[in-house]
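Here the structure comes first, spelled out in structure tokens, and everything after it is commentary.
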There are 2 protein chains.
Amino acid sequence: MPADEFDTIRALFAPLATSAGARGLLDDVAVLEASGALVVTTDAIVEGVHFLPDDPVDTVAKKSLRVNVSDLVAKGAKPVGALLTLIWPNGRPSHELRDFARGLREDLELFAIPLLGGDTTSTPGPLIVSITAFGTPLGERVPSRADAKAGEQVWVTGFIGQAFLGLRALQEQPEVIGAYARDRVGVDDVIDWYRVPRPPAGFAEAIARYASASTDVSDGLAADAANISRASGVGIRIHGEAVPLSAAGHAHVSKFGARGLAELVTGGDDYQALFTAAAEHRSAIMIAARAADVNVALIGDVVEGEGAEISMADGAPLDLRRLGHRHKLGR
Amino acid sequence: MPADEFDTIRALFAPLATSAGARGLLDDVAVLEASGALVVTTDAIVEGVHFLPDDPVDTVAKKSLRVNVSDLVAKGAKPVGALLTLIWPNGRPSHELRDFARGLREDLELFAIPLLGGDTTSTPGPLIVSITAFGTPLGERVPSRADAKAGEQVWVTGFIGQAFLGLRALQEQPEVIGAYARDRVGVDDVIDWYRVPRPPAGFAEAIARYASASTDVSDGLAADAANISRASGVGIRIHGEAVPLSAAGHAHVSKFGARGLAELVTGGDDYQALFTAAAEHRSAIMIAARAADVNVALIGDVVEGEGAEISMADGAPLDLRRLGHRHKLGR
């Protein structure tokens with residue numbers, strides 16, 4: 001990438017570096033004023049692994065930020081800053097840089113996150129965006145995966161399996177999405193969920209207040225429930241019919257039955273919050289969700305024991321042929 | 001990368017996650033206890049751009065950490081934590097993962113930096129390592145590039161152009177380095193400097209105490225001096241004969257004259273500290289350098305005016321045919 005492209009990038013991003021500590025993106029470091037706990041997360045997305053080469057590059061920018069916002073929100077933290085590492089392919093046209101910057105700018109503004117700094121370099125390989133995001137806890141503690149206790153309830157935000165459906169729609173018949181949409185419910189919508197995740201940003205404060213254990217759903221509902229189960233030394237029992245699905249998700253389960261549900265709960269890339277809470281908080285959680293305009297569903301129970309199970313209406317455990325994972329495209 | 005490789009990585013790195021806030025690398029986030037200013041930097045290195053495909057992978061791990069340590073040290077900050085984002089090529093053999101982890105572990109221990117967390121993913125492209133590093137200021141302020149004032153003196157640590165010479169040795173005649181070394185001074189040594197930078201870690205406290213402006217030398221001495229000049233609105237005048245060179249550097253200048261010196265000061269990847277300080281601190285800086293076993297050289301003056309110039313012994317400015325930049329291999 002020619003040196004003047006880097007100047008272009010800096011000019012594009014400098015208006016986003018609104019905090020004094022960002023030093024106008026002109027210094028080697030940023031300075032973050034912190035008091036008390038700072039929540040830190042970093043997630044990278046790779047072209048051909050976490051997004052498709054044809055995905056519009058402004059959606060790539062948004063996804064890179066949102067997968068990190070998702071981690072902070074699931075920990076009951078308010079995002080306060082981000083670092084951007086942009087690994088840009090030698091062959092990508094430079095007008096796409098402007099589209100990338102525009103997408104990132106829109107989302108930094110939407111989530112009110114100042115850009116603190118970063119690094120930009122060229123690569124002979126695929127486009128990679130790595131974000132490190134900082135947050136301040138909205139509560140007294142930062143819920144880990146290890147804090148679930150038997151007797152509590154299990155909650156999840158948003159709708160599950162949207163990204164799975166979106167990716168499938170893009171991969172199977174990308175050239176006939178228009179026709180496809182006439183026969184299937186909400187195809188454009190699930191593609192949008194795949195490309196631009198929708199972490200429940202307005203719900204971070206409720207998570208801080210009511211959650212015991214919490215994680216974001218990135219590897220799939222089943223795998224992330226298993227993570228809480230293992231870390232907390234408890235069993236997680238989820239009622240399959242309570243898993244929140246969009247109209248497209250319901251259509252998928254109507255068509256494919258239990259196998260369809262198994263796909264939705266192992267597909268991953270949901271970027272929603274999965275948390276446990278004492279039963280006494282049930283009403284407060286539902287009221288907070290309504291206030292934040294976030295969908296939240298009570299999906300199960302924390303029990304003595306181990307493992308995460310999702311049961312069907314007849315009580316039989318859902319057959320999870322594969323566990324969720326992060327690297328669907330790359331496998 | 002199969003899922004069990006990720007477990008392998010976690011097992012390799014977990015012993016390095018020595019702080020409670022790292023949560024044993026088992027959570028989605030890390031929690032950093034901070035009070036006051038936190039210095040933050042992030043730098044990524046890309047195979048084929050910032051290191052050679054044949055570089056031993058343990059040196060790649062060390063380089064990825066040290067280019068970030070360099071930023072913190074140049075800002076007078078003590079490293080207190082790091083996040084690792086490892087983008088691992090599908091085809092790289094898994095035993096190299098262990099070598100990578102070993103190299104990183106050695107350097108985290110050497111610099112006493114706890115690993116706080118990170119992200120690991122596979123890629124169809126080149127190996128990429130992105131580190132975000134955190135530091136606490138050792139002084140009351142964090143020197144920026146913009147704080148140089150006319151009348152001050154200009155200093156640099158280490159030896160300049162070592163990485164340039166090392167890269168040249170590796171690129172020109174990699175198969176005859178042994179023979180090459182018989183005729184040239186310190187070839188193995190400059191290769192080692194290229195692969196494993198040597199930021200002046202013990203000198204951070206002196207920089208915090210005495211430096212006005214400071215930056216690390218990553219784009220080349222000439223370019224980074226120009227950065228200070230531009231940011232501070234001053235001129236930087238460097239005496240070419242005062243630029244600290246190793247025996248190999250002196251041999252290069254003996255052979256190629258002014259052109260050789262121009263190469264050394266524009267080659268980049270030095271990862272030393274370039275700083276300005278009031279003249280009254282001169283003795284204290286030299287004493288601190290001796291105590292820290294760091295080479296430091298007084299190389300010039302801050303003047304009214306603009307631009308960075310390097311003059312030869314006869315007073316003529318060095319002809320810098322190209323300015324330093326970060327992306328030598330990629331161009």
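Letters A, B, ... mirror the listed sequences (proteins, then strands); counts begin at 1.
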With a 4.5 angstrom heavy-atom cut-off, is it the side chain or the backbone of A:A231 that approaches chain B, or both, or neither? neither
Most contacts with chain A, counted as non-hydrogen pairs under 4.5 angstrom, among B:A77, B:G21, B:A44: B:A44
In terms of heavy-atom proximity below 4.5 Å to chain A, should B:S70 be classed as side chain, backbone, both, or neither? neither
Looking at B:G81, B:A34, B:G125, B:S130, which has the largest count of heavy-atom pairs under 4.5 Å with chain A? B:A34
Quick one: do A:V49 and B:T121 satisfy side chain to side chain contact (heavy atoms under 4.5 Å, CB included)? Show the steps, please. CA-CA 9 Å; A:V49 181; B:T121 182; 4.0 Å; yes
Report the residues that fulfil side chain to side chain donor-acceptor pair (under 3.5 Å) with B:D27, sequence neighbours left out, ordered by chain and then residue number. A:K75, B:R23
Looking only at B:D28, B:T42, B:L32, the option with the highest number of non-hydrogen pairs under 4.5 Å against chain A is B:D28
Count the heavy atoms belonging to other residues, nucleotides or ligands that lie under 6.0 Å from CD of A:E306, then report whether that count exceeds 12. no
With a 4.5 Å heavy-atom cut-off, do B:V31 and A:V40 have their side chains touching? no
Could you look at B:A30 and say if it's the side chain, the backbone, both or neither that has a heavy atom under 4.5 Å from chain A? both
Keeping to residues at least two apart or across chains, list the ring-ring contact (aromatic ring centres under 6.0 Å, His included) pairs with something in residues 124-147 of chain A. A:F134-B:F134
Of B:T85, B:N227, B:L72, the largest count of non-hydrogen pairs under 4.5 angstrom with chain A goes to B:T85
Using 0.5 Å steps for rounding, measure from the NE2 atom of B:H50 to the OG atom of A:S122. 7.0 Å
Between B:D119 and the options A:T41, A:I45, A:D43, A:I131, the side-chain contact (heavy atoms from CB on, under 4.5 Å) test singles out A:D43
Can a donor-acceptor pair be found between the side chains of A:T132 and B:T132 at a distance below 3.5 Å? yes
Heavy-atom pairs under 4.5 Å with chain A are the metric here; pick the option from B:L38, B:N68, B:L116 that has the most. B:L38
Which bit of B:T215 is near chain A, if near means a heavy-atom gap under 4.5 Å: side chain, backbone, both or neither? both
